[in-house]
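Heads up, the thing below is written out as structure tokens.
Order of the sequence lines fixes the chain letters, A, B, ..., with proteins taken first and strands second; residue numbering starts at 1 for each chain.
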Amino acid sequence: MTAGVSGKPAGVSGGLPVGGAMRVMGSETEYGIHAPSAPGANATMMSARVIQAYAQVTRQRAAGGAETRWDYTDEEPLHDARGWTLERSQADPDQLTDQPPVLDAEAVALAYGRQELEADGEDESGTLLMNMVLGNGARLYVDHAHPEYSSPEVTSPLDAVAWDAAGDLVALAAVRRLAADPELPPINLYKNNTDNKSVSYGSHENYLMPRNVPFGDIVRGLTPFFVTRQIICGAGRVGMKQDGSRPGYQISQRADFFETEVGLETTIRRPIINTRDEPHATADKYRRLHVIIGDANLSQASNYLKFGATAMVLSLIEAGLAPKLEVHEPVAALQAVSHDTSLTATLRLLDGRRITALDLQWIYYEAAAKHAQDTGVADAVDGDGHTHQVLERWSATLTELGSDRAAAASSVEWLAKLSLLEGYRDRDGLDWGHARLGLVDLQWADIRPEKGLYYRMLARDRMQRLVDDATIQRAVTEPPSDTRAFFRGRCISRFGADVVGASWDSVIFDVPGRGRLQRVPTREPLRGTEALTGGLFARHREAGPFLSELLGLPPGS
Amino acid sequence: MAGQEQQQPKSRDTEVDEDVPAAPPAPAEGQASAATQGVDDLLDEIDGVLESNAEEFVRAFVQKGGQ
């Protein structure tokens with residue numbers, strides 16, 4: 001951050017307690033998109049409709065085009081964490097995420113008709129709305145052929161759950177808006193990861209790490225954990241193999257789509273450990289670990305453990321204390337774990353031992369718990385306020401998975417879904433290939449509370465709540481207070497008409513009367529917080545004087 | 001469940017302002033605890049929520065590639 005947003009220089013941990021579950025993190029959700037009454041509709045165009053609908057909901061457009069453009073300056077999708085950059089000519093077109101997507105006019109016309117496009121499919125500057133930065137600091141945009149919500153940066157797993165769930169309300173608001181428009185086909189959005197016809201789309205996590213941790217340590221420390229993490233946070237899937245052609249039920253939505261151990265790609269040859277090296281922050285201090293192996297979670301408890309346990313394992317790796325074990329053939333093991341809902345299959349380790357996925361999770365838990373106790377962050381009273389709860393839930397969940405699966409069904413998403421499916425199988429005598437079970441799986445993830453089966457279970461208190469509805473609702477419009485997302489979100493909601501672009505590490509102003517655009521870098525994720533910039537926002541109602549103070553410029557310059 | 005569908009709040013005018021979208025409905029007050037809810041009861045409710053013609057609906061859910 002620039003002059004005016006003063007504060008202590010952020011260390012690598014940026015002042016967050018080290019050793020436990022706190023760290024800068026965030027989620028990305030690509031929603032499945034479907035218009036039942038318009039089966040041939042172009043998915044990219046439908047996704048743009050979703051973004052546009054949300055812009056209408058927020059009225060940002062009416063306020064002067066505040067649906068801020070994404071600033072692509074610092075996108076580096078071809079930088080590999082292993083130390084090289086992929087040649088552009090060698091990249092798959094899907095990897096070129098540093099360019100705005102171009103919507104083919106023919107595809108648009110095909111999907112929605114030329115006349116309508118001319119009427120309102122474009123904004124004032126003549127381009128389709130593909131990208132928004134929201135007042136809560138999130139990004140909402142068209143990614144490939146799906147609408148994607150990327151949460152603002154948060155510092156704890158509980159906040160990760162809140163701002164991820166806020167994305168589902170953003171998506172819901174867009175769906176409602178579209179459903180109310182008699183001119184357009186209603187669009188359904190699903191928080192899942194596959195269509196069961198060989199296509200998968202992602203739900204990603206991002207974690208900030210110090211740059212000086214060797215990438216090889218991350219690969220070695222994380223791989224066994226990721227192979228087995230699904231037993232606590234898999235979302236469950238009806239169907240085996242990428243195309244779902246073999247009947248059955250498995251723990252993970254994503255496992256069958258992974259083909260390699262380490263790599264740069266996210267859409268082809270998907271790797272257990274992704275090496276994309278776009279820190280979106282000061283590059284010599286940080287790396288952003290991009291995790292692509294997780295399932296999208298509706299269950300708050302599963303989502304919480306996904307972020308909390310992973311953050312703790314990263315703390316272990318940073319301290320050089322990750323369990324020393326290696327899984328034989330990790331990709332095959334990942335799929336074997338997913339296909340074993342009994343949790344009794346054993347994995348072969350390179351040292352010859354054979355242990356279950358549950359055993360392996362316990363090994364990581366014990367190491368993480370010890371490290372957190374040694375560093376003091378796990379203390380119930382004097383700790384960091386988060387790690388103690390993560391450890392409690394992690395151990396309780398592993399205990400239940402071993403001895404009381406009925407109890408785990410109110411928190412572990414794949415078990416909750418399985419309990420519903422088993423209900424249908426028992427009552428109606430259905431085999432796993434029956435279409436109704438496939439529908440239950442799909443509709444589990446419908447984000448509309450009256451249609452989504454997860455939400456029906458939640459309404460009956462069959463799923464646990466960790467974050468109350470009011471908190472999630474608030475996270476739709478309010479940014480987290482303790483990261484740079486506060487600055488970004490407040491700039492959008494306060495000065496939206498004067499903001500012409502934003503990204504994770506910048507906000508660009510175009511203030512009337514100033515000769516040029518003013519780009520405010522936000523390369524330190526733990527600056528730009530409410531504590532550091534709240535006063536600045538309180539003092540200024542107009543962007544000009546706000547920027548003058550922020551940048552240390554003479555007023556009116 | 002259509003009655004639970006909430007109206008979007010009316011927009012306010014000049015401020016850049018995000019209207020708050022509808023939240024999932026809260027569980028009804030006085031609802032019996034989960035432990036006493038029968039599975040049959042749950043399935044009966046979900047029968048009424050599931051899309052009709054499961055086979056066609058599932059078949060038509062075709063996605064383009066993603067990450």
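When all heavy atoms of B:R59 and A:K197 are compared, the pair lying nearest together is O-CE, 3.2 Å. Between A:P36 and B:F57, the closest heavy-atom pair is CG-CE1, 3.8 Å.
Proximity to chain B (any heavy atom under 4.5 Å) is shown, for A:D468, by neither the backbone nor the side chain. Neither the backbone nor the side chain of A:S410 comes within contact range of chain B, judged by heavy atoms closer than 4.5 Å. At a 4.5 Å heavy-atom cutoff, A:P39 makes no contact with chain B through either its backbone or its side chain. With a 4.5 Å cut-off on non-hydrogen atoms, A:N192 touches chain B through its side chain but not through its backbone. With a threshold of 4.5 angstrom between heavy atoms, A:R474 does not approach chain B through any atom at all. With a 4.5 Å cut-off on non-hydrogen atoms, A:L437 does not touch chain B at all. If you measure heavy-atom distances from A:K451 to chain B, the contacts under 4.5 Å come from both the backbone and the side chain. If you measure heavy-atom distances from A:Y190 to chain B, the contacts under 4.5 Å come from the side chain alone.
Using modelled atom types, no side-chain atom of B:E51 and backbone atom of A:L439 make a donor-acceptor pair closer than 3.5 Å. A:H34 contributes no side-chain N or O that, together with a main-chain N or O of B:Q63, makes up a donor-acceptor pair within less than 3.5 Å.
Test A:R456, A:R427, A:R436 against B:D47 for salt bridge (charged side-chain N to carboxylate O under 4.0 Å, His left out) and you get one pass: A:R427.
Checked against ring-ring contact (aromatic ring centres under 6.0 Å, His included), A:Y424 has no partners two or more places apart in sequence or in another chain. By the side-chain hydrogen bond (donor to acceptor under 3.5 Å, both in side chains) test, A:S150 is found to be paired with A:E148, residues two or more places apart in sequence or in another chain being considered.
Most heavy-atom pairs under 4.5 Å with chain B: of the set A:Q443, A:M457, A:H434, this distinction falls to A:Q443.
At least one side-chain heavy atom of B:L50 sits under 4.5 Å from a side-chain heavy atom of A:L453. Under the 4.5 Å side-chain criterion, counting only non-hydrogen atoms from C-beta, A:L420 is in contact with B:L43.
By the 4.0 Å N-to-carboxylate-O rule, B:K64 lies too far from A:E30 to be salt-bridged with it.
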